[in-house]
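Note: hydrogens, waters and symmetry copies are ignored here, and every other heavy atom, side chains too, is used. Bear in mind that the values here come from a model prediction, so they are computed numbers and not experimental data.
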Amino acid sequence: MCKNGKLIILSGPSGSGKSTVVQRLLQESNLPLTLSVSATTRPPRTGERDGTDYHFLSDEEFNKRRLAGEFLECKEVFGRGYWYGTLRSAVSTGLNEGKWVILEIDVQGALSVLTDHPHAITIFIHPGSVTELENRLRSRGTESEDAIQRRLDVAAEELALRHHYTHEVINQEIHTTVQQLCNLLAQYQGENIPCSKN
Ligand code: 5GP
């Protein structure tokens with residue numbers, strides 16, 4: 001039972017600006033949005049805070065929780081040994097409180113969540129072109145050349161799967177993108193979308 005909670009899955013290639021968009025959306029929307037904080041084994045970047053950006057876990061702790069079935073979905077993203085996962089508790093707590101729970105996860109994770117939550121609102125966000133994506137990744141300056149190439153390869157694969165999403169948003173100017181998302185989500189107000197298959 002989940003009152004009027006809704007699940008929103010937001011994906012997009014690394015460098016598409018989705019984290020910034022989500023933060024602004026959380027600030028500006030008058031909907032009861034909440035972000036599901038994922039767990040990861042990757043080390044925090046400068047400025048990232050445990051419990052806010054991610055739950056930063058050791059490999060052992062992540063594996064323990066995985067085996068205990070605590071993840072709605074989890075996977076190794078980018079093939080460099082770092083795991084990411086959506087905690088069941090983060091999703092169910094939000095939905096039970098009537099919140100609109102945002103999952104900011106990769107495409108494979110999204111497809112996996114959709115099997116349990118086929119009515120989730122799905123949004124794919126991207127910068128419009130691979131060249132633009134590459135520029136953004138480079139200007140962020142947080143990744144090695146190797147990592148950038150890997151992320152661009154994954155981005156191409158993700159872009160090819162965007163037809164699985166109901167909505168596609170091109171993020172060129174943050175204010176416009178956030179407004180577009182607010183309008184898009186407002187369409188679901190009053191709609192009684194089931195939380196999961198059961
Ligand atoms: P980053 O390391 O840049 O924070 O995230 C890398 C990628 O992992 C992003 O595409 C992000 O959407 C994805 N990601 C973050 N959390 C999760 C999660 O819980 N599950 C899955 N499948 N992907 C995630």
Side-chain angles (χ1 to χ4, degrees), residues 2-38 53 72-75 77 84-87 90-92 94-95 97-137 151-197:
C2 67
K3 290 194 188 162
N4 292 316
K6 295 186 203 305
L7 196 58
I8 301 164
I9 303 178
L10 204 137
S11 305
S14 182
S16 58
K18 50 184 192 309
S19 303
T20 315
V21 167
V22 167
Q23 288 312 320
R24 287 276 295 272
L25 183 65
L26 288 168
Q27 287 164 12
E28 293 180 23
S29 169
N30 52 18
L31 293 167
L33 301 178
T34 184
L35 179 64
S36 158
V37 178
S38 293
D53 297 287
L72 183 58
E73 62 74 36
C74 67
K75 70 178 289 252
V77 179
Y84 295 77
T86 305
L87 288 158
V91 174
S92 59
L95 291 180
E97 288 173 353
K99 299 266 176 60
W100 294 32
V101 181
I102 303 177
L103 305 185
E104 190 198 319
I105 61 178
D106 83 327
V107 177
Q108 297 304 332
L111 295 181
S112 167
V113 171
L114 275 173
T115 59
D116 277 338
H117 296 269
H119 303 284
I121 301 165
T122 54
I123 304 166
F124 191 88
I125 182 163
H126 64 95
S129 75
V130 174
T131 313
E132 179 60 29
L133 189 64
E134 186 168 356
N135 291 342
R136 289 192 199 181
L137 278 176
R151 282 179 187 250
L152 288 174
D153 289 346
V154 174
E157 287 168 25
E158 294 206 317
L159 276 161
L161 293 172
R162 65 185 191 269
H163 61 277
H164 288 285
Y165 292 72
T166 311
H167 305 281
E168 184 176 339
V169 172
I170 296 179
N171 178 30
Q172 278 169 341
E173 199 276 310
I174 179 92
H175 177 73
T176 314
T177 306
V178 172
Q179 196 52 55
Q180 221 177 323
L181 286 171
C182 286
N183 295 343
L184 185 160
L185 290 176
Q187 295 168 25
Y188 290 89
Q189 251 177 327
E191 260 192 42
N192 194 10
I193 301 172
C195 294
S196 70
K197 276 198 297 203

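By the 4.5 Å heavy-atom criterion applied to side chains, Leu72 and Asp116 are counted as neighbours. Looking only at side-chain heavy atoms (C-beta outward), Thr177 and Leu25 stay at 4.5 Å or farther from each other. Within the 4.5 Å cutoff, the side chain of Ile121 has no heavy atoms near those of the Leu7 side chain. When side chains are defined from C-beta on, Ile125 counts as touching Ser16, because their heavy atoms get closer than 4.5 Å. A 4.5 Å side-chain heavy-atom check between Lys6 and Val101 finds every atom pair outside the cut-off. For the pair Lys99 and Leu33, the minimum side-chain heavy-atom distance is 4.5 Å or more. No side-chain heavy atom of Leu10 sits less than 4.5 Å from a side-chain heavy atom of Leu103. Taking 4.5 Å as the limit, some side-chain heavy atom of Phe124 sits within range of a side-chain heavy atom of Val107.
Every residue meeting the side chain to side chain contact (heavy atoms under 4.5 Å, CB included) condition with Thr122, not counting sequence neighbours, appears here in chain and number order: Ile9, Leu114, Tyr165, Thr166. Checked against side chain to side chain contact (heavy atoms under 4.5 Å, CB included), Thr176 has the following partners two or more places apart in sequence or in another chain: Glu173.
Residue Gly17 comes nearest to Asn171 through the heavy atom pair CA-ND2, 3.9 Å, listed as atom of the first residue, atom of the second, then distance. When all heavy atoms of Gly5 and Leu95 are compared, the pair lying nearest together is C-CD2, 3.7 Å.
Within 6.0 Å of NE2 on His175 lie no more than 12 heavy atoms contributed by other residues, nucleotides or ligands.
Rounding to the nearest 0.5 angstrom, the gap separating the CG atom in Leu181 from the OG atom in Ser29 is 9.5 Å. Residue Trp100 holds its CH2 atom at 4.5 Å from CG of Leu31, rounded to the nearest 0.5 Å. Atom-to-atom distance recorded for Glu73:CD and Thr86:OG1 is 3.5 Å, nearest 0.5 angstrom. Atom CD of Gln172 and atom NE2 of His126 lie 9.5 Å apart (nearest 0.5 Å).
Using a 4.0 Å cut-off between charged side-chain N and carboxylate O, Glu132 and Arg136 make a salt bridge.
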